[in-house]
Amino acid sequence: MEINTITQEELETLLRYTECSQHIIICTHKSPDGDALGASLAWLEFLSNRGKTADIIIPDAYPDFLQWLPNSEKIIRYDKHKERAETLMCGADLIFCLDFNAFGRVDEMEQTLRDSPAKKIMIDHHMDPVMDTVLTVSRPEMSSTCELVFRIMHQSGDFGKMTPKCAACIYCGMMTDTGGFTYNSNNPEIYFIISELLTKGINKDKIYRNVFNNYSSWAIRLRGYIMCQKLNVLNGYNASYFSISRQTMKDFHFIKGDAEGLVNEPLKIKGMKLSVSLREDDRRDNLVWLSLRSVDNFPCNEMAAEFFNGGGHLNASGGRLECSLEEAEETVRKAIMHYADRLR
């Protein structure tokens, strides 16, 4: 099966910049998920196989259920080690920007990334890239950045050198960015890639358990509480939403990742086409994070862009609102009403 995805010119450009660079950084977006971390850690091995060392710098914390990822102990958090991260980025000559398409996606790390004199290469699967780079490898049709990373590594002739640890990172990213291969995953080539990863000896069942069956008892209680007490179902519109307040997070000893995937649960309701989650930021007032999931052809990315200062993919998107949680809920209701004809 043909899985090459970048042009020969793009590949040669990528390899040329890699070869002539001595101080390389890999970075990804705020609140990195399985795809962001998996792609970054896999790319670290790609560079190592080519005789290069690199540092991975991320803006902030990532979910506890991703702590098992191989080599995650090498990751540098900008919010905890700002001075070190800024020194490294200032002295870098090449920065790989993985799984994000705009400088703003790295939040408080944005100015440091912009100011770095390093050449920048983007490898991403989100629509409408707007970053200034020497090479932009943007493939929105891909299920994940990890899928794109695999294809580039394979096209570069590096598959034979791929270790089980690298394969596990790639599989994790593909799995998490498709909700366990339940959306954005109809391309047959995805399953060819999975079969190739399995030849490296990964245990895909254990990877699934590490990610999806790795919650604390408090996280499970939180999920039950949200679904029982906070879920709003608009039956006439085949849509639902729920909110998680700062107080609720405190009551249930919330840690990053405890609500991961919860937005998918209401889609199990018969006829449901759209699910929206709202989460109050645990540190900043009047900041609400939104996640949207949909089924079939409902474009939650359009809704995210129009109402929530966000975007993403057809069936999986996100956004943010600078207002109170109550005001954000009202905006969600307005958005659902606006798209009523497409939801019914």
Side-chain angles (χ1 to χ4, degrees), residues 5-30 32 35-60 62 71-126 129-139 145-146 148-158 161-162 166 169-170 173:
T5 188
I6 63 175
T7 68
Q8 188 61 30
E9 181 180 2
E10 288 175 324
L11 180 60
E12 290 173 357
T13 299
L14 186 153
L15 296 179
R16 183 174 68 253
Y17 277 110
T18 299
E19 182 60 32
C20 69
S21 299
Q22 300 302 316
H23 303 285
I24 302 175
I25 299 293
I26 300 167
C27 66
T28 189
H29 59 75
K30 176 181 172 60
D35 188 32
L37 292 177
S40 298
L41 291 165
W43 201 248
L44 184 69
E45 178 168 299
F46 172 79
L47 296 174
S48 177
N49 288 339
R50 292 184 169 269
K52 299 294 179 178
T53 58
D55 292 291
I56 299 176
I57 301 176
I58 63 175
D60 56 1
Y62 56 92
N71 294 316
S72 61
E73 71 279 359
K74 298 178 181 180
I75 294 172
I76 300 168
R77 278 178 52 182
Y78 181 84
D79 63 334
K80 294 186 70 173
H81 306 284
K82 184 177 180 180
E83 185 174 340
R84 181 186 177 194
E86 289 181 342
T87 299
L88 288 169
M89 295 182 79
C90 181
D93 44 25
L94 180 63
I95 297 179
F96 285 100
C97 302
L98 302 186
D99 200 38
F100 67 101
N101 61 358
F103 285 116
R105 293 289 312 283
V106 299
D107 203 42
E108 295 180 3
M109 199 168 78
E110 177 179 354
Q111 198 58 51
T112 302
L113 178 59
R114 284 183 180 274
D115 291 344
S116 172
K119 301 289 190 298
K120 299 171 181 70
I121 293 177
M122 179 200 302
I123 301 176
D124 181 51
H125 74 127
H126 296 93
V130 294
M131 288 171 55
D132 182 20
T133 68
V134 295
L135 176 64
T136 293
V137 181
S138 175
R139 299 293 186 273
T145 297
C146 273
L148 182 52
V149 161
F150 177 91
R151 289 171 181 258
I152 294 172
M153 294 175 71
H154 194 280
Q155 192 170 341
S156 303
D158 284 38
K161 302 176 185 177
M162 184 180 292
C166 179
C169 290
I170 291 175

List the steps, then state whether salt bridge (Lys or Arg N to Asp or Glu O under 4.0 Å) holds for R105 with D99.
CA-CA 10 Å; R105 293 289 312 283; D99 200 38; over 6 Å; no
So does T5 get a backbone contact from the side chain of R139, meaning a donor-acceptor N/O pair under 3.5 Å?
yes
Donor-acceptor contact below 3.5 Å, side chain D55 vs main chain I25
no
Just do the side-chain contact (heavy atoms from CB on, under 4.5 Å) check on I170 and M153 with the steps written out, would you?
CA-CA 11 Å; I170 291 175; M153 294 175 71; 4.2 Å; yes
Please give me the minimum heavy-atom distance between Y62 and P32, naming the atom from each residue.
CB-O, 3.6 Å
With side-chain contact (heavy atoms from CB on, under 4.5 Å) as the criterion, how do C97 and T133 come out once you've worked through the C-alpha distance, each side chain's angles and the decisive distance to 0.1 Å?
CA-CA 9 Å; C97 302; T133 68; 5.9 Å; no
Q155 (side chain) donor-acceptor with I6 (main chain) under 3.5 angstrom
yes
Mind checking what makes side-chain contact (heavy atoms from CB on, under 4.5 Å) contact with E108, not counting sequence neighbours?
none
NZ/K119 to CG/D132 distance, rounded to the nearest 0.5 angstrom?
11.0 Å
Do H154 and R151 touch side chain to side chain, with heavy atoms closer than 4.5 Å?
no
To the nearest 0.5 Å, how far apart are NZ in K74 and CG in L41?
9.0 Å
If we only count heavy atoms from C-beta on, is the Y17 to L135 side-chain gap below 4.5 Å?
no
If you apply the rule side-chain contact (heavy atoms from CB on, under 4.5 Å), what do you find for Q22 with K52, and how did you get there?
CA-CA 7 Å; Q22 300 302 316; K52 299 294 179 178; 3.6 Å; yes
Filter on ring pair (Phe, Tyr, Trp, His ring centres under 6.0 Å), then keep only pairs touching residues 84-126, sequence neighbours left out; what's left?
W43-F96, H125-H313, H126-H313
With a 4.5 Å cut-off on side-chain heavy atoms, are I95 and S116 touching?
yes
Can you check whether L113 reaches K120 side chain to side chain, under 4.5 Å on heavy atoms?
yes
Rounded to the nearest 0.5 Å, how far does CD of E12 lie from CD of E19?
13.5 Å
Pair R50, D158 - check side-chain contact (heavy atoms from CB on, under 4.5 Å), show working.
CA-CA 9 Å; R50 292 184 169 269; D158 284 38; 2.9 Å; yes
What distance separates I26 CD1 from L37 CG, expressed to the nearest 0.5 Å?
11.5 Å
Quick check: closest heavy atoms across A92 and A118, and the distance to 0.1 Å?
O-CB, 3.3 Å
Return yes if some donor-acceptor pair links the side-chain N/O of T28 with the main-chain N/O of L98 below 3.5 Å, else return no.
yes
Only pairs under 3.5 Å count here: list side-chain donor-acceptor contacts from residues 81-90, not counting sequence neighbours, and write none if there are none.
from : atom 1 : to   : atom 2 : distance (Å)
E86  : OE2    : Y78  : OH     : 2.9
E86  : OE2    : T112 : OG1    : 3.4
T87  : OG1    : E83  : O      : 2.9

Quick one: NE2 on H29 to OG1 on T145, what's the gap to the nearest 0.5 Å?
7.5 Å
If I take atom CD from residue E45 and atom SG from residue C169, how far apart are they, to the nearest 0.5 angstrom?
8.0 Å
Could you tell me if the side chain of V134 sits less than 4.5 Å from the side chain of I121, heavy atoms only?
yes
Taking all non-hydrogen atoms of both residues into account, name the closest pair between N49 and K161 and its distance.
ND2-CB, 3.6 Å
Counting distance only, does the side-chain N/O of D93 pair as donor-acceptor with the main-chain N or O of S21 below 3.5 Å?
no
